[in-house]
Amino acid sequence: MPPLTLDPNRLFPADPGTRAIARKLYDGVAQLPIVSPHGHTDPAWFATDDAWDNATALLLAPDHYLYRMLYSQGVKLEALGVPAHGVPGDADPRAAWRIFASSQHLFRGTPSRMWLDHVFAEVFGFEEVLSADTADHYFDRIGDLLATPAFRPRALFDRFNIELIATTEGAHERLDHHDAIRNSSWTGQVVTAYRPDAVVDPEHEDFHASMVAFADLTGEDVMTWRGYLRAHAKRRQDFIARGATSTDHGHQSARTTNLSAADSAALFDRIVGKDWTAQDAELFRAQMLTEMARLSLDDGLVMQIHPGACRNHNSWLHHHYGRDKGADIPGRTDYVGGLKPLLDAFGNEADLSIILFTLDESTYARELAPLAGHYPCLKLGPAWWFHDSPEGMMRFREMTTETAGFYNTVGFNDDTRAFLSIPARHDVARRVDCAFLARLVAEGRLRDWEAQELAQDLTYNLVRKAYRLPEASPRSLASAA
Amino acid sequence: MPPLTLDPNRLFPADPGTRAIARKLYDGVAQLPIVSPHGHTDPAWFATDDAWDNATALLLAPDHYLYRMLYSQGVKLEALGVPAHGVPGDADPRAAWRIFASSQHLFRGTPSRMWLDHVFAEVFGFEEVLSADTADHYFDRIGDLLATPAFRPRALFDRFNIELIATTEGAHERLDHHDAIRNSSWTGQVVTAYRPDAVVDPEHEDFHASMVAFADLTGEDVMTWRGYLRAHAKRRQDFIARGATSTDHGHQSARTTNLSAADSAALFDRIVGKDWTAQDAELFRAQMLTEMARLSLDDGLVMQIHPGACRNHNSWLHHHYGRDKGADIPGRTDYVGGLKPLLDAFGNEADLSIILFTLDESTYARELAPLAGHYPCLKLGPAWWFHDSPEGMMRFREMTTETAGFYNTVGFNDDTRAFLSIPARHDVARRVDCAFLARLVAEGRLRDWEAQELAQDLTYNLVRKAYRLPEASPRSLASAA
Amino acid sequence: MPPLTLDPNRLFPADPGTRAIARKLYDGVAQLPIVSPHGHTDPAWFATDDAWDNATALLLAPDHYLYRMLYSQGVKLEALGVPAHGVPGDADPRAAWRIFASSQHLFRGTPSRMWLDHVFAEVFGFEEVLSADTADHYFDRIGDLLATPAFRPRALFDRFNIELIATTEGAHERLDHHDAIRNSSWTGQVVTAYRPDAVVDPEHEDFHASMVAFADLTGEDVMTWRGYLRAHAKRRQDFIARGATSTDHGHQSARTTNLSAADSAALFDRIVGKDWTAQDAELFRAQMLTEMARLSLDDGLVMQIHPGACRNHNSWLHHHYGRDKGADIPGRTDYVGGLKPLLDAFGNEADLSIILFTLDESTYARELAPLAGHYPCLKLGPAWWFHDSPEGMMRFREMTTETAGFYNTVGFNDDTRAFLSIPARHDVARRVDCAFLARLVAEGRLRDWEAQELAQDLTYNLVRKAYRLPEASPRSLASAA
């Protein structure tokens, strides 16, 4: 059976001279603690510290990168235990795992493969590749290990050297798990982030239910424009009290607008009535980005804008399985026209910080780098989602650095709910950044001491600064030293 | 005079370690037979096995890659013998060849140059580069060789180790040459493919004439919606009987729609009347993609969609010379919105297979890889036309693999009428794929045994599977062994 | 303090074999004279030959690449001495320089950094990097040197081995400085170029004032369509008399149209009245590109089209500081549809020459290379503005060469007002071109003697041919020999 080994020089350029430079840069940052300012881990894990069930429930059924690839090759989601509308699938976990194990060739050349190899080799200690032949061995051993204290969420958090992790909660969601974490004796830093999409997007299937919860949690009359805005301001304070330093906005487009208060109120009345059009919905989301910027000027939360996905593109799958099932497809995104109203209002505010992400790489050099290389309020988030990959990260650096520089970027986001893969993902990012820096050094475009500073900044300092994170805890600083 | 030599390591990365890996991978696939599932060779060649006339008529006058470059530098098409509206040009073939020979510098850095070098060195055995000085030598020797039995179409087909080649015929065209091939004693596999554009696109200049032929060939009343659809179903069976396993659709956009039967019939009535608008024409093409998918579910033909070219962009040239004269220019293409109606109808059908091509590389990572990495019915065709080139193929792999993997792709298409260049084109594709795989191995992203399997799959197995080709003939399997 | 050194092999590929090829190619062109056919140096410099003031006034305050990056990080433009609406800033030059000096890390990985290093090391002879510690040393020494005869404009022009430089003047501007240069005993070739945007774009803030000057300078009734066109024809002759061989057009889009004379006149009447819409303005600019092409057919001026920037995107900055303050942001550009009306009119004219530029790299392979690889009148300008950078230039070659070849390109443009950086910019272009050619040679895609010819052509011959420049002066030819 083929051995599972991780090449210590993986992702470094093949040219021996450049590889040596990359290796040296990487050695300087490989052990830095992980700062994860944007992601989707479940705070319940850290609140309860319960053991996970099995390999399928932990690694396969929740990972849309994995089951979308299997689905594309004709595997049914029900065979993999993927939940439908939140109801856990009833597939036999071992049978699902065997399907996955026998389809590993599909992941050749994908980042999932790099992440999985790292998880299997480093986290679980496997020495043979996953395949049909080793499927049961993997399933059993992972199950056994997950039942041990060393594989509980908090233990792994510490083992992974995570200094801080942010989860994402909706404006309509309670923050009980965060309270439990903060009230516990555990010192791991888990903070939340404010994601109000479900109360901002009238086309979201949970809009009405979310608005009801939003009213409940704030005591505001969220069916009036003023009350609705006050509710946002209040909830943002709730989030800040649980460590949040950022908001997040996942609209389909980057459109913004800046209506008068009267027009905003009139638009809002249509939205909370039932008499709105798709154009009204788009306009309301556009106005809300500007409102969120206005609130950020008050309370200091960093805005993250993640536009460009056509959500739930597969109607049949959406109907039968619900959201977030690997069927979101990116489209063209216009930042130059879309963001102008917001930037006309607040673009020159030095106290505002907006981090832009994209799924449309054609905007890197054309729009995003020129915008971030000019406006004081703008920074560029890292390569995201489909582009959170070695080639994607390299294109990000190649296409943004010359115009925006490195210091208008914000370090790495893992953006994942796949907790066990977090060290793998950060490791890939560090290696790719070091590979890029090494090429610049080898080509006489950057001095070696500058590259060393940059490797530290891209790994650790920029993310803390961009997300306005509190001073690192002593533990973290010790790790970094 | 400069010698003509082919670097045995051409197209492999320069780094010696990576080059050695690429070389080894290539050695494993270099001799595999050629499977050419999509192209534009003339079936008459293989039916009659007549000798070709001369270098200009065979290599220059029909090759739009060549004469478009010369035209861009001020050479008149009539000087090159390019046909006008199907009428062969009356330029002196030798004089045309001399112009071409003295303009070789224009092709530096282009794929035409790599293909020509291969044809001249490997097929004809030249040892000096083509230039003004060697023009006559080339013209004479090529003419002499073409008159020999070894350079007849069937002999070259065998020499080139072609296992199967598909030509492309219109829905309105007879398939007599295919019948002649099948009724002959020659065992070469030449199949057809169903390209109904001329009876699907009301804006095609041959639409009305093609509809008349379509009616004749099917005996259906093609002026009624039902009869028109029955005619398609019938003709598809005619093509299947001549070995066709695929259809092909070259629309300007990727737009689809899924009208009700009544609305489709009403639209069709406008189309076959004269009372249609450009919007109707676009809508009709959009509806016909969905109809073709529906028919494919019945008869199993694989759909190929080749969108994105603005045909006949040069009005003057179109008027004076006709279609396909190097004046088609790509534009932006929207797959995410365009394909949604068809995918809403049939996207989750495991029995449907649609191969998507593009001329808009910005869609590779943004749209096509996410679509093919999710929908069971979708696969990605190889880099096409302007992108069928070393840089273009490499970008295709770099921008699609991380999201769609390798197994949602379908191997190589040469898509050419330049028969003598077919081995050159497949060789370029094999070399570039091996170069890409070698980099992944060198960077620790792929194991060497996986790369070897992939090289075989990308060269041979994926194309046979994706195009649902019958089992290879013993000859082919022997070649592959 | 870190030393300032220039790696003699900078920008060459790291692989030793490829680097050696690149080095040899570069050695063959490094000393060729500079031909600068498009730029924004001030002709007053060469007319008066006055000394420049100080480092800030010469290098920082006029360079939007530099102050836009500082602005993006919160530095105020007034602190840098950037002029507001043409009024020089009153910041202390030394204090401004110190801010710039202490922010050098922002430029890591940017082309500005490469250009500045070259200027500091080669032009001024510094041996330590610019930093907070060396800020005053730099400021003082640059000031001292600028006061010496060797650093006067004409002396540097000669030292830089500039064979010809083109400035850019508006249709409404006097050409007195050019007259003074031509009437002087100095033999440096400084020519103008015709940039009529201010009298072609009704949305330009100086449109009305420019039209008044346009009338004054031509004696034509520019408020009538016929008089307006005659005024253009006259002024073009004025420019030709000052050495102009080209026009330049910086529209937001690439849209063209070809209205009838009557419709053009009616549109013009709306434009010079006050009763026009944004659509009228766009249509008028579109029509004027076609009119300029028509005039070029008469007088032989080469057209340059530089579309795609959303000018003055930052409304607040535009209001307070005026145009050209680093706040122009590129957007998507459609060439295929946009240029069709002009190409339908004149696309096949062998005597017309139009050089296309872009800020939208997604058009390189998709639109621009196919257009230039077909139409006799079209050529591709080099990587421009945000893409005038090592990565940008390399992408230009990688994405255009395979379809348009090298001979539909026109050499390098520095496009700069930063006179001291001109040798640095041309050096970067030569190095990147040699790096690209070296890779093609190393990969067996180009013969070494072809690469040597190409290096000469890309550096020197193509620019002279494309811009229809007069025969080089003996001095230049001697330099080239």
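All chains are named by letter (A, B, ...) in the order of the sequence lines, taking the proteins before the strands, and each is independently numbered beginning at 1. Excluded from the calculations below are hydrogen atoms, water molecules and symmetry mates; all remaining heavy atoms, backbone and side chain alike, are included.
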Next on the checklist: If only side-chain N and O atoms count, and only distance matters, is there a donor-acceptor pair under 3.5 Å linking C/Asn408 with B/Gln73?
Outcome noted: yes

Let me know if [X] has heavy atoms under 4.5 Å from chain C in its side chain, its backbone, both or neither.
| X | value |
| --- | --- |
| B/Ser362 | side chain |
| B/His105 | both |
| B/Pro8 | neither |
| B/Val75 | neither |
| B/Met114 | side chain |
| B/Leu359 | backbone |

Next on the checklist: Heavy-atom pairs under 4.5 Å with chain C - which of B/Gly74, B/Gly308, B/Cys310, B/Pro390 has more of them than the others?
Outcome noted: B/Pro390

Item to check | Closest-packed option against chain C by number of heavy-atom pairs under 4.5 Å, given B/Pro13, B/Ser112, B/Ala327, B/Gly392 | outcome: B/Ala327

Checklist entry - Would B/Ser315 and C/Lys340 satisfy side-chain hydrogen bond (donor to acceptor under 3.5 Å, both in side chains), going step by step from the backbone distance to the final call? => result CA-CA 9 Å; B/Ser315 301; C/Lys340 192 168 192 315; 3.0 Å; yes

Checklist entry - Taking the side chain from C/Arg445 and the backbone from B/Arg10, do they hold a donor-acceptor pair closer than 3.5 Å? => result no

Next on the checklist: Donor-acceptor check, side chain of B/His313 to backbone of C/Val336, threshold 3.5 angstrom: yes or no?
Outcome noted: yes

Next on the checklist: Please classify the contact between C/Arg439 and chain B as side chain, backbone, both or neither, with a heavy-atom cut-off of under 4.5 Å.
Outcome noted: side chain

Checklist entry - Side chain, backbone, both or neither: which part of C/Ala372 has a heavy atom under 4.5 Å from chain B? => result backbone

Next on the checklist: Before you tell me yes or no, could you show the steps for C/Glu367 and B/Arg332 under salt bridge (Lys or Arg N to Asp or Glu O under 4.0 Å), namely the whole-Å CA-CA distance, both residues' side-chain angles and the distance that decides it to 0.1 Å?
Outcome noted: CA-CA 9 Å; C/Glu367 303 179 29; B/Arg332 282 200 296 263; 5.2 Å; no

Under a 4.5 Å heavy-atom cutoff, which of [options] has the most pairs with chain B?
| options | value |
| --- | --- |
| C/Leu454, C/Asp457, C/Leu440 | C/Leu454 |
| C/Glu398, C/Met399, C/Arg366 | C/Arg366 |
| C/Thr363, C/Asp334, C/Leu371, C/Leu378 | C/Leu371 |

With heavy-atom distances below 4.5 Å as the criterion, would you say the side chains of [X] and [Y] are in contact?
| X | Y | result |
| --- | --- | --- |
| C/Glu450 | B/Arg113 | yes |
| C/Pro376 | B/Ser72 | no |
| B/Arg108 | C/Tyr407 | yes |

Next on the checklist: Within a 6.0 Å radius of atom CD on B/Glu128, are there more than 12 heavy atoms belonging to other residues, nucleotides or ligands?
Outcome noted: yes

Item to check | B/His319 atom NE2, over 12 foreign heavy atoms within 6.0 Å | outcome: no

Checklist entry - Does the distance from a Lys or Arg side-chain N to an Asp or Glu carboxylate O, for C/Arg395 and B/Glu391, drop under 4.0 Å? => result no

Next on the checklist: Taking B/Asp117 first and then C/Arg447, would you say they form a salt bridge - that is, a charged N and a carboxylate O separated by under 4.0 Å?
Outcome noted: yes

Checklist outcome for this item: Output for pair (B/Asp7 CG, C/Glu443 CD), nearest 0.5 Å, gives 10.0 Å

Next on the checklist: Would you compute the distance between atom CD1 of B/Ile329 and atom CG of C/Leu339 and round it to the nearest 0.5 angstrom?
Outcome noted: 10.5 Å

Checklist entry - Name the one of B/Tyr71, B/Trp316, B/Tyr67 that satisfies ring-ring contact (aromatic ring centres under 6.0 Å, His included) with C/His374? => result B/Tyr71

Closest non-hydrogen atom pair, [X] against [Y]:
| X | Y | value |
| --- | --- | --- |
| C/Ala365 | B/Glu361 | CB-OE1, 3.5 Å |
| B/Ala14 | C/Thr18 | CB-OG1, 3.2 Å |
| C/Tyr375 | B/Asn314 | OH-CA, 3.1 Å |
| B/Pro16 | C/Asp15 | CD-OD1, 3.6 Å |

